[in-house]
Amino acid sequence: MNEIDALFAHNRFVTRGKMILLMHDQMFQDKFDGENNLRTVIRELKKRGYKFEDLTTYEPQVVASD
């Protein structure tokens, strides 16, 4: 969660203020109580003011090439 906060603090995005979060982490595997861990991460991010949306609402900015 601290890494996510740091990315937002430094505006490190393709589309300002929006991030696609893809998690392939061992802590989300069943043998590590993955479902509960994922629910906890989502709950804590929501407490920090983050919102979750469907990927279809993500519109990346087109970067002009020289």
Side-chain angles (χ1 to χ4, degrees):
M1 286 185 281
N2 291 332
E3 289 180 45
I4 293 169
D5 288 338
L7 290 169
F8 274 94
H10 295 97
N11 293 314
R12 304 237 183 221
F13 310 104
V14 172
T15 298
R16 187 178 185 95
K18 290 192 174 191
M19 173 189 293
I20 295 175
L21 185 60
L22 178 62
M23 297 185 202
H24 289 280
D25 199 294
Q26 281 189 329
M27 72 179 281
F28 301 119
Q29 293 179 10
D30 289 341
K31 64 183 177 182
F32 297 113
D33 196 18
E35 183 178 343
N36 185 52
N37 289 336
L38 181 57
R39 289 180 190 276
T40 300
V41 167
I42 291 170
R43 183 177 54 248
E44 293 302 315
L45 288 171
K46 284 182 175 182
K47 282 182 187 177
R48 292 180 180 204
Y50 294 102
K51 291 189 267 180
F52 291 79
E53 297 179 1
D54 187 277
L55 187 60
T56 61
T57 66
Y58 183 80
E59 297 178 25
Q61 297 172 344
V62 177
V63 178
S65 60
D66 293 327

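Everything numeric in this text was worked out from a predicted model, so none of it was measured.
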Got a sec, which residues hit side-chain contact (heavy atoms from CB on, under 4.5 Å) with Lys47, two or more places apart in sequence or on another chain?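 Testing Lys47 for side-chain contact (heavy atoms from CB on, under 4.5 Å), a comparison that skips the adjacent residues, returns Arg43, Glu44.
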The criterion is side-chain hydrogen bond (donor to acceptor under 3.5 Å, both in side chains); which residues satisfy it with Asn2, sequence neighbours excluded? none
Which residues share a side-chain hydrogen bond (donor to acceptor under 3.5 Å, both in side chains) with Glu3, sequence neighbours left out: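 So Glu3 forms no side-chain hydrogen bond (donor to acceptor under 3.5 Å, both in side chains) with any residue.
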